[in-house]
Novice: 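The structure under discussion is supplied below as structure tokens; questions concerning it will follow.
Side chains are part of it too, since the values below use all heavy atoms of this structure and drop only hydrogens, waters and symmetry mates.
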Amino acid sequence: MAKKKSRGKRYSTKRNPEVQSTRLRKLRRILFTTLVVLVVAAVIFFLVIRSSGQISIFENAVGTLVTPVQNAFRSVTTGVKDFFTDRKSLTELQQAYDALSFENEQLRMELQEAEEAVRENENLKTLLDARDTYTSLEPVYAKVIARDAGPWFETFSVNRGSNSGVTTGMAVVNGDGLIGRVYEVGLNYSKVISIIDSRSSVACLMQRTRDNGIMRGQVSSDDDTAECFVYYLPNINSISPGDTVITSGTDSTYPKGLKIGTVTALSLDAGSEGTYAVVTPSVDFQRIEEVFILRTVIETDSDENLPDVRTLQTTEAYGATPTPRPNAAATPTPEPTQAIDYWTRPTPIPDTTDAPESSRITSLFEDEWAAGD
């Protein structure tokens with residue numbers, strides 16, 4: 001049996017694209033209209049409520065949403081700004097620090113130069129005062145230009161030579177006292193050996209007791225102080241620590257009266273050279289910068305200038321004619337010796353005839369007594 005066709009409405013399960021597009025357009029119009037109405041209402045509400053000085057709910061809602069974004073943006077922009085600002089400030093600070101460091105170093109160098117100038121002026125003032133003392137000895141100023149290795153100025157060189165009138169043997173001093181003597185001279189330099197050198201010796205005088213002695217240097221690199229030793233003192237018991245030692249001028253090298261140092265100790269144990277006194281020099285032999293070279297040389301009589309002793313035996317002084325000097329190359333010819341009669345019998349009784357009455361010898365009492373018998 002055949003089925004009957006249903007006559008009711010039929011609905012297709014497929015959606016029509018045109019119908020869907022129409023519905024979407026309608027929905028969009030509705031949403032847009034609603035949004036516009038809400039915005040207009042919000043603006044009106046904002047204007048109405050804002051005029052009364054209160055914040056609207058919309059503003060609170062918008063502010064609540066926007067504030068974190070603003071804070072984040074501000075933090076980012078502030079960080080970037082601070083980074084570049086700090087970078088610039090750091091560069092400027094570094095430049096300022098470098099400029100201040102350079103200026104500080106310049107000021108420090110100027111301060112050192114000023115201090116050095118002050119010390120040099122003090123040394124020069126001392127030397128000028130000493131120059132007035134040594135004026136009669138024709139001093140010439142010189143600077144130390146070289147020295148041997150070691151803590152002590154045992155030998156050193158100065159910037160004055162034969163062009164300045166310096167010769168070997170001249171005394172070298174500074175404001176404190178005697179330093180040494182010149183032992184080698186060039187055109188524009190000289191070498192000096194000091195009194196503390198073991199090869200040096202000075203004829204000295206105890207200023208208080210007037211005792212003469214010979215001072216010798218003896219210093220090594222291990223010594224803490226420079227000491228010299230005075231030997232051949234005639235009366236060491238009269239010397240005491242603190243006595244001043246000066247040059248005696250008897251060694252034909254140093255002028256008399258130059259200060260050497262001070263006695264610090266005495267040794268009464270007789271050694272190979274007898275007793276001695278320990279002297280500490282007045283000059284600081286670890287710090288010598290400027291010196292005076294005394295160009296006055298002590299003149300001494302040589303053997304050629306010494307007078308002949310025979311020429312001093314004049315007739316007026318001795319009543320005799322000096323004997324001429326014999327010729328050493330000639331062969332002496334002996335002269336005959338006059339004979340002397342050693343066997344002449346002496347007169348037993350001197351002849352008193354011509355003698356004065358007071359000088360005649362009279363007969364003895366014993367003779368008269370014998371003749372009376």
Side-chain angles (χ1 to χ4, degrees), residues 120 123-148 150 152-205 207 212-219 226 228-230 244-261 279 281-306:
E120 187 174 356
N123 294 335
L124 291 176
K125 183 178 182 301
T126 304
L127 285 175
L128 288 176
D129 295 339
R131 184 175 184 177
D132 296 336
T133 304
Y134 304 128
T135 301
S136 60
L137 301 176
E138 300 181 9
V140 59
Y141 173 77
K143 286 187 176 182
V144 176
I145 57 175
R147 54 168 293 189
D148 289 341
W152 304 106
F153 279 76
E154 298 179 68
T155 55
F156 56 91
S157 301
V158 295
N159 63 343
R160 296 289 182 178
S162 58
N163 292 337
S164 302
V166 179
T167 59
T168 58
M170 289 183 173
V172 181
V173 298
N174 65 4
D176 297 325
L178 179 64
I179 294 176
R181 61 180 173 85
V182 176
Y183 73 93
E184 185 178 325
V185 178
L187 291 176
N188 56 359
Y189 76 94
S190 299
K191 293 184 179 180
V192 179
I193 181 171
S194 63
I195 59 175
I196 64 173
D197 193 281
S198 59
R199 298 166 292 180
S200 178
S201 63
V202 183
C204 61
L205 177 69
Q207 193 173 36
N212 285 270
I214 301 296
M215 189 185 76
R216 295 175 182 170
Q218 186 175 351
V219 68
C228 300
F229 302 93
V230 180
T244 301
V245 183
I246 60 176
T247 56
S248 64
T250 59
D251 54 2
S252 304
T253 302
Y254 302 102
K256 184 178 181 179
L258 302 178
K259 185 177 180 182
I260 297 176
V279 176
S282 56
V283 175
D284 185 359
F285 282 96
Q286 288 183 326
R287 300 171 182 85
I288 299 177
E289 297 179 6
E290 298 94 5
V291 299
F292 278 128
I293 301 175
L294 306 182
R295 292 178 290 181
T296 298
V297 179
I298 301 177
E299 295 182 358
T300 58
D301 291 332
S302 62
D303 293 340
E304 297 178 355
N305 297 326
L306 288 176

Novice: Using atom types as modelled and distance alone, determine if a side-chain donor or acceptor of Ser157 lies under 3.5 Å from a backbone N or O of Ile145.
Specialist: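 No, the answer is negative, given that no donor and acceptor are paired below the 3.5 Å cut-off.
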Novice: Could you check whether any side-chain heavy atom of Arg199 comes within less than 4.5 Å of a side-chain heavy atom of Ile193, counting everything from C-beta outward?
Specialist: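 Arg199 vs Ile193: side chains touch.
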Novice: Between Thr247 (side chain) and Tyr254 (backbone), is there a donor-acceptor pair under 3.5 Å?
Specialist: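 Such a contact is absent between Thr247 side chain and Tyr254 backbone.
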Novice: Could you walk me through whether Val283 and Leu178 satisfy the side chain to side chain contact (heavy atoms under 4.5 Å, CB included) test, starting with their C-alpha distance in whole Å, then the side-chain angles of each, then the deciding distance to 0.1 Å, before giving a yes or no?
Specialist: CA-CA 7 Å; Val283 175; Leu178 179 64; 5.9 Å; no
Novice: Measure from the side-chain N and O atoms of Arg295 to the backbone N and O of Val166, and report whether any donor-acceptor pair falls under 3.5 Å.
Specialist: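 Side chain of Arg295 to backbone of Val166: no pair is present.
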Novice: Considering only heavy atoms from C-beta outward, does the side chain of Val202 approach that of Ile214 to under 4.5 Å?
Specialist: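 No; the side chains remain at least 4.5 Å from each other.
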Novice: Taking Thr155 for its side chain and Val192 for its backbone only, find out whether a donor-acceptor pair lies under 3.5 Å.
Specialist: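 Checked: no pair found.
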Novice: Okay, side chain of Asp251, backbone of Ala203: is any donor-acceptor separation there less than 3.5 Å?
Specialist: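 Pair found, side chain donor or acceptor close to backbone of Ala203.
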Novice: Kindly confirm or rule out a cation-pi arrangement of Arg216 over Phe229, judged by NZ or CZ under 6.0 Å from the six-membered ring centre and within 45° of its axis?
Specialist: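 No, Arg216 does not sit over the ring of Phe229.
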Novice: Please check this pair: side chain of Ser200 against backbone of Ser198, looking for a donor-acceptor N/O pair closer than 3.5 Å.
Specialist: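 Looks like no, no N/O pair under 3.5 Å.
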Novice: With a 3.5 Å distance limit and no angle check, can you tell me whether Ser248 reaches the backbone of Leu205 through a side-chain donor-acceptor pair?
Specialist: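 Side chain of Ser248 to backbone of Leu205: no pair is present.
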Novice: Test: side chain to side chain donor-acceptor pair (under 3.5 Å). Region: residues 178-192. Which pairs qualify, not counting sequence neighbours?
Specialist: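 Qualifying pairs: none.
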Novice: State, with a plain yes or no, whether a side-chain heavy atom of Glu290 is found less than 4.5 Å away from one of Val144.
Specialist: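 No - every pair of side-chain heavy atoms lies 4.5 Å or more apart.
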Novice: Please say which of Thr296, Val173, Ile293 ends up in a side chain to side chain contact (heavy atoms under 4.5 Å, CB included) with Leu137.
Specialist: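 Answer to the side chain to side chain contact (heavy atoms under 4.5 Å, CB included) test with Leu137 among Thr296, Val173, Ile293: Thr296.
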